[in-house]
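Just so you know, ligand 1 is whichever comes first in the structure, and atom 1 is the first atom listed for that ligand. In this text, all values refer to a predicted model and were calculated from it rather than measured experimentally. Counting from 1, the numbers follow the sequence of the chain as shown. As a basis for the values below, the full set of heavy atoms in this structure was taken, side chains included, without hydrogen atoms, waters or symmetry mates.
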Amino acid sequence: MKYQSIIEQMTVFEKAQMMTGKSTWETKDFEKYNIPSIFLSDGPHGIRKQLGSADHLGLNESIPSTCFPTAATIANSWDLTLAEEIGEALGQEAKELGVNVILGPGMNIKRNPLCGRNFEYFSEDPLLTGKLAAQYVKGIQKKGIAATPKHFAVNSQELRRMSNDSIVDERTLREIYLSAFEYVVKEAQPQFMMTSYNQLNGEYTNEHHHLLQDILYGEWQYDGVIVTDWGGSNDHVKGVIEGSHLEMPGTGVPSALELVAAIEKGELSESLLDQRVDELLDIVMTLTKTEVENRTSLKASTATKHHQLAYRAAQESIVLLKNEAVLPLKSTTKVGFIGDFVKVPRYQGAGSSVVNPTQLDTIEKVKQEYGFEDAPYCQGYHRSGVSEELLINQAINLAKTVDVPLIFMGLTEINESEGMDRTHLSLSEDQLLLVEAVAKVNPKTVVVLSGGSAVEMPFANKVAAIVHQYLGGQAGARAVLDVLTGKINPSGKLAETYPLSLADVASSNYYPGLEKTSEYREGLFVGYRYFNTVEKEILYPFGFGLSYTQFEYSQLAIKDNQLSFVLTNIGETDGAEVAQVYLEHESTQRIYVKQQLIGFEKVFLKAGESQTVTIELPTRAFEYFNTASEQWEVDGGQYSIGVGAHSRAISLKVSVEKNATTEVVELPLAQVPHYFAGKVSQISAKEFETLLGRPIPESSWDKTLPLQENDTISQLYYAKGWVGRGIYHVLNYFLERSIKKGQPNLNLYFNYNMTFRAISKMTGGMINKEMVNHILTIVNGQFFRGLGRLIKAAFHNHQTNKKVS
Ligand code: BGC
């Protein structure tokens with residue numbers, strides 16, 4: 001142990017205190033041992049350091065910092081250098097503001113477009129996610145600040161996120177949901193890792209032996225520490241045993257006492273606790289060597305420089321989805337601006353990742369720089385979704401008087417946020433009516449979309465052009481006008497597939513898990529892996545994005561694991577292409593997806609210029625996870641490697657022959673025929689059980705049972721006691737009211753999806769586990785009995801807190 005001399009002096013209680021935060025954002029310090037505290041802050045696309053009232057939901061103000069485009073946006077840039085630059089900038093801002101640990105990047109796989117936090121995640125593809133996230137981590141950590149990839153793992157829904165159990169088979173787990181984390185750990189060695197709220201195959205991830213001990217520490221040789229998500233700790237003792245270090249936010253005395261009691265009972269060995277303290281101390285001591293300032297605002301030079309970087313990042317990430325000879329706009333074109341987003345942009349999502357930007361560009365503010373000062377404007381729609389005919393009529397009138405109406409629209413605040421999932425892929429009705437009406441009177445209509453996840457576009461055939469800016473951060477407005485006017489050539493490509501409708505998504509029958517579990521029945525068939533295997537009609541393919549120039553691919557060759565080809569800009573405009581490499585393979589031996597991304601490179605070429613591009617294929621490129629040999633293996637046979645502009649535009653192919661590394665057949669076709677055929681909607685329970693290798697756990701709540709500590713507050717609707725049901729109705733009333741107002745109330749959503757157990761984890765020790773049990777007695781119908789015991793336990797807890805702290 002590196003810090004044995006300190007640890008030997010510490011009492012068991014003090015060591016236990018190190019395993020839980022001091023406050024919402026800080027770790028415990030001990031002056032007498034020279035152990036400093038470190039400061040943790042969100043987040044993934046900007047620093048959210050709070051000086052005043054602390055909260056983990058983005059409700060209270062934080063110090064202004066640069067709001068970069070969110071991960072879903074940057075993913076469209078496919079630019080690894082850019083991702084590292086953003087990481088460095090985040091690290092720099094953390095340093096200036098006195099933050100030692102950044103709680104990001106968020107890197108869960110976009111399993112289904114409905115997930116409320118998709119805007120915080122990169123992609124449906126693990127390679128793209130893992131590579132980009134690794135660059136963020138490298139950039140952040142270059143500055144001596146720790147990064148925290150999150151949420152480890154299989155956290156794909158917000159509904160009851162603290163109790164839901166993700167049921168996934170081992171191969172899918174490895175190839176889809178863990179693969180990106182594997183890249184990050186191996187390529188960037190993050191110092192922190194945040195476990196997710198959910199359970200995975202029956203165990204909370206923060207105390208999951210297989211996930212943490214076998215895979216993360218064992219196979220991947222992870223060398224950093226683990227922090228729980230805020231309030232996400234279930235069994236702290238078990239967490240520490242399995243390799244989790246820090247319970248956040250500060251859970252106070254009761255939590256430390258749990259560890260002490262476990263040592264006394266022999267459930268946890270003191271030497272293991274010492275080891276965890278040593279591991280955490282190592283990181284704390286390393287991080288505190290970085291000289292951080294404690295500024296209350298960024299240096300002016302940093303703010304200016306990073307606003308420029310946020311601008312470049314937004315430029316690189318905009319995706320041109322459709323263009324019927326209307327863009328770029330000519331200087332003589334008369335345009336009109338329509339949409340509430342022109343004045344109040346949607347540039348980030350809601351929740352813990354919310355950044356208070358140093359400045360905010362809007363289309364309205366910057367449009368005169370592009371010669372649009374006299375262009376007419378109308379609001380077009382209310383962002384609350386309430387429809388008003390007058391607004392549409394104004395837009396129709398405007399559209400009749402200009403050459404090109406530009407409609408700025410997309411997902412509004414109520415559509416996507418941490419804490420809630422969407423229920424459909426549609427944009428609000430009034431926006432759809434608006435675009436329909438405007439396009440009818442002016443076929444040159446251009447739609448500029450905002451939002452962090454796929455939407456349906458019933459207007460796609462009716463408008464002349466569609467530009468998707470995703471959530472472009474504080475400097476996104478100029479970037480959009482640059483693309484519209486041709487000041488820059490768009491080079492973003494979609495990091496997710498756009499289906500025609502929700503029903504086409506492979507997980508649509510199983511998403512979200514409504515009660516206890518969420519069955520990942522679709523297995524490997526996530527995103528384009530599914531759509532392209534079964535050749536389903538879609539709106540826009542994975543990797544798709546147009547440019548104002550054209551590129552040509554030639555001379556594809558492969559030598560060992562190195563692929564090379566020549567890329568030429570054959571158009572008349574300079575521009576960048578994201579060249580993508582896909583592996584194509586069919587198997588008679590095992591379930592397969594037809595196509596997988598195995599490499600990519602973003603290349604800038606002047607008009608007429610050519611370049612030889614070389615891409616090193618990753619070691620995992622040809623491998624799959626064999627559940628019988630419990631290893632990564634290679635399937636024998638012919639593989640085709642294709643390169644092209646997107647997953648459905650492969651220009652050139654080469655063939656490669658591989659020998660099988662094992663002959664073990666895990667699942668004969670006859671047992672899982674629908675998996676072999678990619679018929680995801682027909683997968684029976686029996687087939688899924690075969691894939692899982694065990695019975696499917698019961699998913700429905702047993703409403704005859706009393707509520708337990710890992711049930712959620714939302715389940716109070718069937719509580720046995722009137723108090724419980726009353727609380728539910730009050731909560732529900734306010735939730736519905738907030739939805740009607742068009743602003744999600746995150747506090748209410750958090751409480752709604754929170755487990756009873758989490759009450760003891762979110763109150764800094766004021767409410768302990770015993771008190772939670774008495775609260776349960778009350779809501780389960782024994783009001784007076786529970787109340788009496790609750791008062792007694794509260795008094796006792798208060799006394800203990802006073803005595804030991
Ligand atoms: C979120 C995390 C975040 C944490 C602290 C949680 O609710 O899930 O992503 O880092 O809060 O704000």
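At a 4.0 Å heavy-atom cut-off, ligand 1 touches R117 through the side chain alone. Contacts between Y197 and ligand 1, counted as non-hydrogen atom pairs separated by less than 4.0 Å, involve the side chain only. Only the side chain of E418 comes within contact range of ligand 1, with a heavy atom under 4.0 Å; no backbone atom does.
Classified by interplanar angle (parallel below 30°, tilted 30° to 60°, perpendicular above 60°), the ring pair H306/F68 is tilted.
In this structure, of V354, T228, I102, D42, the residue bringing a heavy atom nearest to atom 10 (O) of ligand 1 is D42.
Residue H151 has at least one heavy-atom neighbour below 4.0 Å for each of these atoms of ligand 1: 2 (C), 8 (O), 9 (O). The contact set between ligand 1 and R161, taken as ligand atoms under 4.0 Å from a residue heavy atom, comprises 7 (O), 8 (O). Atoms of ligand 1 found under 4.0 Å from any heavy atom of M194, numbered from 1 in the order shown, are 10 (O). Residue contact check: W25 has heavy atoms under 4.0 Å from atoms 5 (C), 12 (O) of ligand 1. Proximity to S352 (heavy-atom distance under 4.0 Å) selects the following atoms of ligand 1: 1 (C), 2 (C), 3 (C), 9 (O), 11 (O), 12 (O). For ligand 1, the atoms sitting less than 4.0 Å from at least one non-hydrogen atom of K150 are 2 (C), 3 (C), 9 (O), 10 (O), numbered in the order shown with element in parentheses.
Residues I767 and N797 come closest through the heavy atom pair N-ND2, 4.1 Å.
Not counting sequence neighbours, the partners of Y520 by the ring pair (Phe, Tyr, Trp, His ring centres under 6.0 Å) test are Y177.
Judged by the 6.0 Å and 45° rule, R111 forms no cation-pi pair with Y510. Both tests do not hold together for K150 against F152: distance to the six-membered ring centre under 6.0 Å, angle to the ring axis within 45°. K49 forms a cation-pi arrangement with F39, by the criterion of a distance under 6.0 Å to the ring centre and an angle within 45° of the ring axis.
In this structure, E120 has no heavy atom closer than 4.0 Å to ligand 1.
Ion pairing between a basic and an acidic side chain is recognised when a charged N comes within 4.0 Å of a carboxylate O; R383 and E413 show such pairing.
Y728 has its side chain within reach of Y752: a pair of non-hydrogen atoms, C-beta onward, lies under 4.5 Å apart.
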